[in-house]
Amino acid sequence: MPASISLMLCLPANPLLSISNTKLRSKTTKFITLKTNTWKIRAVIESSFSSSVFGSFHQTVGGQVLPERGCSEKDIVKSKNKKRVFFLDVNPLRYVGSKPSFQSFRHWVSLFFSQVSLTDPVIAVFDGEKCNERRRQLLPSYKAHRRKFFRQPTTSRKFVRSQVGRSQQLIMDVLRKCNVPVIKIEGNEADDVVATLVEQVLQRGYRVVIASPDKDFKQLISENVQIVLPLVELDRWSFYTLKHYVAQYNCDPHSDLSLRCIMGDEVDGVPGIQHLVPGFGRKTALKLLKKHGSLENLLNAAAVRTVGRQYAQEALTKHADYLRRNYEVLALRRYLVSSR
């Protein structure tokens, strides 16, 4: 039987609420029905910035098609004139290192509402329970550092989990008091939920800003999708756009996910191919991806002809399944809307 989640805003005042300089937003109600056994979601979303939407969402992996990069000046101006919708990735803001910290959340959210999103609609997204299980089945080392935090004696572990649970509930209460809708879906990471909702918002003609320090969102960057990052050293939020990405990596966001699949992601516990082939570095990966466009195109080409030096050729043919597994783990998953 599907589990129903009804998230209502405008709750009674929370005596522990201490976020200053925040303006209450127009009320928003979200109803989400989740079928975890079939990976289907049916959702009704009523908000202050769009009309109701109803659909059935089917899971895909890395399914977004980014727009072509040859945008004219007219297109850029048109994009800037669109209204913005913010997605607040809550989980990274709740931690300092690997330890939960309500003070960290309070600080960054206070800055967010006072400096970044003054009147724009904001949707807060949390990781669901057991959200990492599917990816850990593919790769046991995925975000293993998070499990280490809870590997304590039974009594201590229960205490820590209860503290984390109370902190999360307090954070949800704060957000609801600010009339910010909260979404948390069991078995799903916030990244995947945001990737799905970004698709919906873009289709309605809005721009998107994702508030998160998570580098996984860089695969979504486009003319209409930006990231705003909390910079600890400067104690402020900073916008990160398509222009910044190209200047930093000297490649297109189309290649971001493919590059990370090859090079790995140490923070998320995803090993790169250099652990198997030490000579296969970032320079080689960028050169091959610029020529072939994506990891899948590169692997398909290597299977039928020579695409580079011998060590690279052997690595791509011998470890193709290894790289495709990395893609399954690192790609943001989306739910495509179909008619009811």
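Just the heavy atoms: all of them, side chains too, but no hydrogens, waters or symmetry mates, feed the values below. Since we're looking at a predicted model, the values are computed, not measured.
Taking 4.5 Å as the limit, every side-chain heavy atom of Y327 sits out of range of all side-chain heavy atoms of L299. When side chains are defined from C-beta on, Y206 counts as touching K83, because their heavy atoms get closer than 4.5 Å. I210 is listed as a side-chain neighbour of V198, based on a closest heavy-atom distance under 4.5 Å. With contacts defined as side-chain heavy-atom distances shorter than 4.5 Å, the pair V194/D89 does not qualify. Within the 4.5 Å cutoff, the side chain of P271 has heavy atoms near those of the Y322 side chain. Using a 4.5 Å heavy-atom threshold, the side chains of L175 and V90 count as touching. Side chains of V209 and F239 form a contact here, defined as non-hydrogen atoms less than 4.5 Å apart. In this structure, the side chains of L316 and F280 come closer than 4.5 Å at one or more pairs of heavy atoms.
The salt bridge (charged side-chain N to carboxylate O under 4.0 Å, His left out) with E189 is formed by just one residue from the set K143, K184, R333; it is K143.
H244 and T241 share a donor-acceptor pair across their side chains, judged by distance under 3.5 Å alone. Using modelled atom types and a 3.5 Å distance limit, the side chains of E314 and Q310 yield a donor-acceptor pair. Defined by atom type and a distance below 3.5 Å, a donor-acceptor pair is missing between the side-chain atoms of S255 and Y249.
Between R260 and D216 there is a salt bridge, since a side-chain N of the basic residue sits under 4.0 Å from a carboxylate O of the acidic one. A salt bridge is defined here as a Lys NZ or Arg NE, NH1 or NH2 lying under 4.0 Å from an Asp or Glu carboxylate O, and D265 with K215 meets this definition. A salt bridge is absent between D256 and K218: the closest approach of a Lys/Arg side-chain nitrogen to an acidic carboxylate oxygen does not fall below 4.0 angstrom. Salt bridge present: D192 and R135 bring a charged side-chain N and a carboxylate O closer than 4.0 Å.
Atoms OH and CZ, from Y142 and R134 in turn, are 8.5 Å apart once rounded to the nearest 0.5 Å. The distance from the CG atom of N326 to the CE atom of M263 is 11.5 Å, given to the nearest 0.5 Å. To the nearest 0.5 Å, atom CG of residue D191 and atom CZ of residue R334 are 10.5 Å apart. Atoms CG and CG, on L220 and L202 in that order, are 9.0 Å from each other to the nearest 0.5 Å.
When all heavy atoms of R84 and V116 are compared, the closest pair comes out as NH2-O, 4.0 Å. Closest of all the heavy-atom pairs between L242 and P253 is CD1-CG, 3.5 Å. A pairwise comparison of heavy atoms in D127 and N91 identifies N-OD1, 2.7 Å as the closest pair.
Annotation: salt bridge (Lys or Arg N to Asp or Glu O under 4.0 Å) contacts involving residues 283-298, sequence neighbours excluded, comprise E296-R324. Pairs of residues two or more places apart, or lying in two chains, never qualify as salt bridge (Lys or Arg N to Asp or Glu O under 4.0 Å) while including a residue from residues 225-241.
Partners of W108 under the ring pair (Phe, Tyr, Trp, His ring centres under 6.0 Å) rule, at least two apart in sequence or in another chain, are W237.
Less than 6.0 angstrom separates the ring centroid of F86 from the ring centroid of F112.
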